[in-house]
Structures are given as structure tokens and as C-alpha cells.
Amino acid sequence: MGLVKAKAVECAVKAEPIEQQSCEELAAALEDSDATVRRHAAQKITACLDAATTLVSRLKREENTAVREAILNSLLRLHDPSISSGLADCLRSEDAALRNDVIEAFKQLGDEVAPILRSLLADPDRTFASSLSISLTPSAIQMWSNG
């Protein structure tokens, strides 16, 4: 049990300086090998100018569930129109968990993503479009198909 406490202290100490970091340092922290550092950076970077681009870029490569959740929560808080297309790119990922997380984010964004989802549902790649429609609720498909 002593090891667990030591690790918790180590994480808290390592994550603390992030609050005082510049946007460049936060972007660099998103690439840190420590998931706790990446998670804290994802939570703090929202005040930075290019946060949406930086977060979407990291999301495409992030494997840690807690970090991915922090990135998506930060993206949802940004209300940046550019995130829709970045998130849409993630729907073509081989990572099923990432695709599911992005679909959940789209559901929370609602009408903001209607145009991009309309185009995705009409994608010439019928396998992709079918897979996407299976992942969405019937009411979501109807809302995003009409317009």
C-alpha cells in the first residue's frame, strides 16, 4: 500500500506545475509519457488559442481512457466550430473505442454537428455510413438527416 500512496503523491507533485504553464508548455505536456500529466494538460489548455487543433490532434493518438475523456470534455467546453471536422476524422479510426467516444461527443454537440453528420451519413463508403448509422439512435439520425 505504501507504493500506491507514493505514486499518488508523485502524480500530484508532477501535475501541479501545469497550472502555471504557457500554452506551448501545455501543448508539450499533452505529449508527456505520463497519462496524469497529459490529462491535466488537456483540462488546462482550453484557454489557449489553438486548443481545439491541439486537442483533436492528440485525441487521434491517445490510448489512455482518462486522458481521452479529458480531451473530449475540453473540446466540448470550447464550442469551437472547427472541432466537428476534427472529430469526424476520428470516426474513420480503426479504434472502436475512439469512434464510440466521438459519437457520444457528437450527441452532446447536437445541432452544431448536423451539417457534418449529414455528409457522413451520405458518405459514398456505404460500409462507413452504415456503421455510423448503427451507432446513432434513430432520433439522432432523423435530426441530423433532416435539414
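We count residues from 1, following the sequence as given.
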Could you tell me if the side chain of [Y] sits less than 4.5 Å from the side chain of [X], heavy atoms only?
X: E62; Y: N64; result: yes
X: R99; Y: R92; result: no
X: T36; Y: R39; result: yes
X: L87; Y: L72; result: yes

Looking only at heavy atoms, which two atoms of [X] and [Y] are closest? And how far apart?
X: L75; Y: I83; answer: O-CD1, 3.4 Å
X: A41; Y: L26; answer: CB-O, 3.6 Å
X: L30; Y: A42; answer: CD2-N, 3.7 Å
X: L55; Y: S74; answer: CD1-CB, 3.8 Å
X: V67; Y: A35; answer: CG2-O, 3.2 Å

- request: Among D95, V102, N73, find the residue that satisfies the side-chain contact (heavy atoms from CB on, under 4.5 Å) test when tested with R68.
  value: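 Only match with R68 under side-chain contact (heavy atoms from CB on, under 4.5 Å): D95.
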field: Between CG on residue L98 and CD on residue E63, distance to nearest 0.5 Å
entry: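 Between atom CG of L98 and atom CD of E63 there are 10.5 Å.
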task: Drop me the distance from D101's CG to L91's CG, to the nearest 0.5 angstrom.
output: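 One finds 11.0 Å between CG of D101 and CG of L91.
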Give a yes or no on whether the backbone of [Y] and the side-chain of [X] come within a donor-acceptor separation of less than 3.5 Å.
X: R38; Y: S33; value: yes
X: D50; Y: T53; value: no
X: E25; Y: S22; value: yes

